[in-house]
J.: 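Structure below; questions to follow.
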Amino acid sequence: QVQLVESGGGLVQPGGSLRLSCAFSGSIFSIYVMGWYRRGPGNQREQVAAITSDGSTNYADFVKGRFTISRDNAKNTVNLQMNSLEPEDTAVYYCNADGRVAAGPGADYWGQGTQVIVSS
């Protein structure tokens, strides 16, 4: 069973930076597309960024140029470097492992979430 454990959230001032990390275990990390999603107050969950096993990335328009997703296939981790944070980035951030293409429709996993608060 895949387990995802996020860390790195917290309180930061506008303009500041945070780095989120997600530790993956329980399966073959390299077959999963790894992503970060967020759910802000009163909002639906939305994708922030995703990265394939070969390093191809995709970003939501609202984070382009500010956030960077990366993965370490040797350490089974995925990170989200968040710079120039804005109050609108306040949300619970979730790590996702999507292995449905390689491992079937049930291979879609979520972490427990980590809170990010951007406030002065």
J.: Testing D72, I51, N73 one by one against V78 for a side-chain contact (heavy atoms from CB on, under 4.5 Å), which residue passes?
T.: I51
J.: Closest approach of S30 and S53, non-hydrogen atoms and distance?
T.: O-CB, 2.8 Å
J.: Could you name each residue pair satisfying disulfide bond (SG atoms under 2.5 Å apart) that touches residues 7-120, not counting sequence neighbours?
T.: C22-C95
J.: What residues, two or more places apart in sequence or in another chain, satisfy side-chain hydrogen bond (donor to acceptor under 3.5 Å, both in side chains) together with S56?
T.: D54
J.: Who pairs with Q115 by side chain to side chain contact (heavy atoms under 4.5 Å, CB included), at least two apart in sequence or on another chain?
T.: T90, V92, I117
J.: Quick one: OG on S27 to CD on Q3, what's the gap to the nearest 0.5 Å?
T.: 12.0 Å
J.: Going by the rule salt bridge (Lys or Arg N to Asp or Glu O under 4.0 Å), which residues pair with E46 if we only count those two or more places apart in sequence or in a different chain?
T.: R38
J.: Side chains of S119 and L11: does their closest heavy-atom pair fall under 4.5 Å?
T.: yes
J.: Could you pull out the closest heavy-atom pair between S17 and S84, with the gap in Å?
T.: OG-N, 4.4 Å
J.: Indicate the atoms forming the closest heavy-atom contact of N58 with Q47, along with that distance.
T.: ND2-OE1, 3.8 Å
J.: Sequence neighbours left out, what passes side chain to side chain contact (heavy atoms under 4.5 Å, CB included) with R19? Give chain and number order.
T.: S70, N79, Q81
J.: Could you tell me the separation between the CD atom of Q13 and the CG atom of L85, rounded to the nearest 0.5 Å?
T.: 11.5 Å
J.: State which residues pass side chain to side chain contact (heavy atoms under 4.5 Å, CB included) with V116; sequence neighbours excluded, sorted by chain then number.
T.: L18, L20, M82, Y93, V118
J.: Please list, chain by chain and in numerical order, all residues satisfying ring-ring contact (aromatic ring centres under 6.0 Å, His included) with F24, sequence neighbours excluded.
T.: F29, Y32
J.: Would F62 end up clustered with F67 when hydrophobic side chains under 4.5 Å apart are linked, directly or stepwise?
T.: yes
J.: Answer yes or no: is there a side-chain heavy-atom contact under 4.5 Å between L4 and M34?
T.: yes
J.: Can you tell me which residue pairs pass the salt bridge (Lys or Arg N to Asp or Glu O under 4.0 Å) test with a partner in residues 99-116, sequence neighbours excluded?
T.: D98-R100
J.: Sequence neighbours excluded, which residues qualify as salt bridge (Lys or Arg N to Asp or Glu O under 4.0 Å) partners of D61?
T.: K64
J.: Show me the pairs that pass ring pair (Phe, Tyr, Trp, His ring centres under 6.0 Å) and involve residues 96-118, at least two apart or across chains.
T.: Y37-W110
J.: For G113 and Y94, work out which heavy atoms get closest and say how close.
T.: CA-CD2, 3.6 Å
J.: Taking Q112 for the side chain and V5 for the main chain, is one N or O donor matched with an acceptor at less than 3.5 Å?
T.: no
J.: Could you tell me which residues satisfy side chain to side chain contact (heavy atoms under 4.5 Å, CB included) with A23, sequence neighbours excluded, listed by chain and number?
T.: none
J.: With sequence neighbours left out, what residues match T68 under side-chain hydrogen bond (donor to acceptor under 3.5 Å, both in side chains)?
T.: none
J.: Determine, using the 4.5 Å side-chain heavy-atom cutoff (strictly less than), whether I69 and V63 are members of one ILVMFWY cluster.
T.: yes
